[in-house]
Amino acid sequence: MKFKKMISLACIFLLLVSVNTYAQSPTIPPAYNQVKYDFRAAWIATFTNINWPSKKGLTVEQQKKEYIGLVEQLQALKFNAVIMQVRPASDAFYPSSLNPWSEYLTGTQGTNPGYDPLKFTIDESHKRNLEFHAWFNPFRISSSVDLSKLSKDNVAIKHPDWVLSYGGKLYINPGIPEARAFVVESIMEVVKNYDIDAVHLDDYFYPYPGGDAKKTIPDGDTYKKYGRGINNIGDWRRDNVNLFVKDLSTAIKQTKSYVKFGISPFGIWQNKSVDPTGSDTSGMSAYSAIFADSRAWIKNGYLDYIMPQVYWEFGNKSAAYEKVLNFWINEMKLNPNMHLYIGHAAFKAGTYNEAWKKEAELPNQLKYNQSFRVINGSGLYNIQSVLDNNNFRYTLSKELYKNIALVPAMPWKTAQGSAQVTPPVLAANNRTITLRGQNTAAAYYVLYRSEGTAAIDTSNPACIYKTIRYNEAVQLFTDTNVAPGKTYNYVVTAMDRLHNESAKSNQVSLAIQ
């Protein structure tokens, strides 16, 4: 009897543990819900030639061919944005009066590659109706302390007093007002001169801990000089970053109000053990380790979107995906006028640990996101990890990104001429759809298609057939994906660059003989 009682108690215990585990486990939707608006981005990293160009010293034509190949694949997979690294290390992928040409183009910092890579990548992205988010690493100078590898035009050579050396790397000192202003000016050079859709910053502000034996960032003298009466050096560092983010936000809004501003911070703001309003995690804290106070950016309205790097798997002991996500969902209550996108570790999929080796891990994260209306989409780091992972790529094309989706609009922002976006007029003849009624306020058109005789429902994402980038010529589209004996209906809408949609055009039909 005692033995049977022990078995019974053990069974009850196991049942309770099972129920408790089940209660804490996230519920994954069975399928990805195809929605009309869904931000779908991939990071294209240029630092140390991670993604593009694939190596230093390629010819201009080789570099162009590689980039076109990348964005053509993204378009085929129904992405709608690229996050392209244009200033990876106080250098430039564009002719600049402030920063030298990047070594990742030619192999030597300061050497002209013979063309404007930024203009080229923007143009090729826009041709495929991909938003272009210009990605800047604000304070990194070099991944080594060897000054001989830097151009004479590098900020470290021109302003050695602005340089922090830490962990075997060089950084611009965020505590120096003139240095912060230089970084803002460097970014605004691109905002003013190029047709970008957004400014994007990554997670690097003050140096990450680690590297050599140094444990203290060598900015004590800077703190004494520019302390502003702030009693704690950690608070002062956070305030330096906040001032930088605020100044950059203000400059962007004053220069081009339609250009978005987003940051992709490290996923953990603060752990709950330190701050009860933090996340239920025990990992490194961006607030304490790299002095990045993302909550301040959200509360003060500096950003149009935030894309935290939630690079952990479900159930991770230090930072479970679902727990980190829950923190960011709650943070959005601080400011309704911004978007929340989630950054995903596509580079871990299929490798890294047992959880990531399961094919379902990354798709399940994307599905789980859709359980929360406040999440407006995702970014995948990095593009090559997506394109080289055949299993995930197949899942994207057949399930997750099965239909075309549009970038979500931002009602709090205005685009130049957005009030004048009107629908064009359609005509149809011999499988050819002609768009008439040109509209210079339009950034692109959305073509909807259905079969049969019913009116097209433009709220149905399954009806989105194609997006067509605006140009001054009459737009022509010949539909070759048709079958004899069927009737196809079409309508079109015009979209401004912030994805505000016009009323729909007249509906036309094609009866295929």
Side-chain angles (χ1 to χ4, degrees), residues 31-40 75-81 126-131 376-377 397-411 414-513:
Y32 193 81
N33 182 30
Q34 300 298 313
V35 294
K36 182 174 179 178
Y37 296 100
D38 188 17
F39 185 74
R40 301 171 177 176
Q75 182 187 32
L77 288 170
K78 299 181 176 65
F79 282 75
N80 51 35
H126 281 169
K127 282 179 186 178
R128 293 156 182 85
N129 209 39
L130 296 166
E131 269 200 336
N376 301 103
S397 63
K398 298 300 181 182
E399 180 186 359
L400 304 176
Y401 291 175
K402 182 179 179 181
N403 294 339
I404 293 173
L406 308 177
V407 174
M410 293 181 170
T414 57
Q416 292 174 333
S418 60
Q420 286 76 47
V421 175
T422 55
V425 177
L426 281 190
N429 180 46
N430 192 28
R431 301 189 186 186
T432 299
I433 311 300
T434 305
L435 282 66
R436 301 193 183 280
Q438 295 302 287
N439 188 337
T440 55
Y444 64 101
Y445 296 116
V446 181
L447 184 67
Y448 298 84
R449 189 183 89 158
S450 68
E451 294 183 23
T453 57
I456 294 178
D457 177 9
T458 56
S459 67
N460 182 357
C463 292
I464 300 176
Y465 190 54
K466 186 179 179 68
T467 61
I468 305 168
R469 197 73 183 180
Y470 174 84
N471 61 48
E472 294 181 359
V474 172
Q475 300 278 345
L476 297 177
F477 172 69
T478 300
D479 197 349
T480 57
N481 185 25
V482 294
K486 290 190 175 182
T487 297
Y488 299 91
N489 308 299
Y490 306 85
V491 299
V492 71
T493 59
M495 307 285 284
D496 70 18
R497 67 179 304 141
L498 283 170
H499 314 282
N500 298 301
E501 190 169 22
S502 74
K504 62 183 180 181
S505 71
N506 59 303
Q507 180 169 311
V508 297
S509 299
L510 287 175
I512 307 302
Q513 303 299 320

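Counting begins at 1 with the first residue of the sequence. Just so it is clear, the model here is predicted, and its values are computed rather than measured.
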Hits for salt bridge (Lys or Arg N to Asp or Glu O under 4.0 Å) against K402, two or more places apart or cross-chain, chain-then-number order -> none

Any donor-acceptor N or O pair under 3.5 Å, side chains T493, S502:
no

Which distance, rounded to the nearest 0.5 Å, do you find between the CG of N33 and the CG of N403?
10.0 Å

Under a 3.5 Å threshold, yes or no: a donor from one side chain and an acceptor from the other, between T432 and N430?
no

Under a 4.5 Å cut-off applied to non-hydrogen side-chain atoms, are R449 and D479 in contact?
yes

Point-to-point distance, once rounded to the nearest 0.5 Å, from CE of M410 to CG of L498
8.0 Å

How far does NZ of K36 sit from CG of N460, to the nearest 0.5 angstrom?
9.5 Å

What closest approach, in Å, do Y37 and P408 show between heavy atoms, and which atom pair accounts for it?
CD2-CA, 3.9 Å

Would you compute the distance between atom OG1 of T434 and atom CG of L426 and round it to the nearest 0.5 angstrom?
8.5 Å

Could you tell me the separation between the CD atom of E451 and the CD1 atom of I456, rounded to the nearest 0.5 Å?
11.0 Å

Could you give the distance from NE2 (H499) to CG (L406), rounded to the nearest 0.5 Å?
8.5 Å

For the residue pair N129 / R469, report whether a side-chain donor-acceptor contact shorter than 3.5 Å exists.
yes

Can you confirm whether K466 is buried at NZ, in the sense that more than 12 heavy atoms of other residues, nucleotides or ligands lie under 6.0 Å from that atom?
no

Not counting sequence neighbours, which residues clear ring-ring contact (aromatic ring centres under 6.0 Å, His included) with Y401? List them please.
F79

Mind checking whether N481 and Y488 have side chains closer than 4.5 Å, heavy atoms only?
no

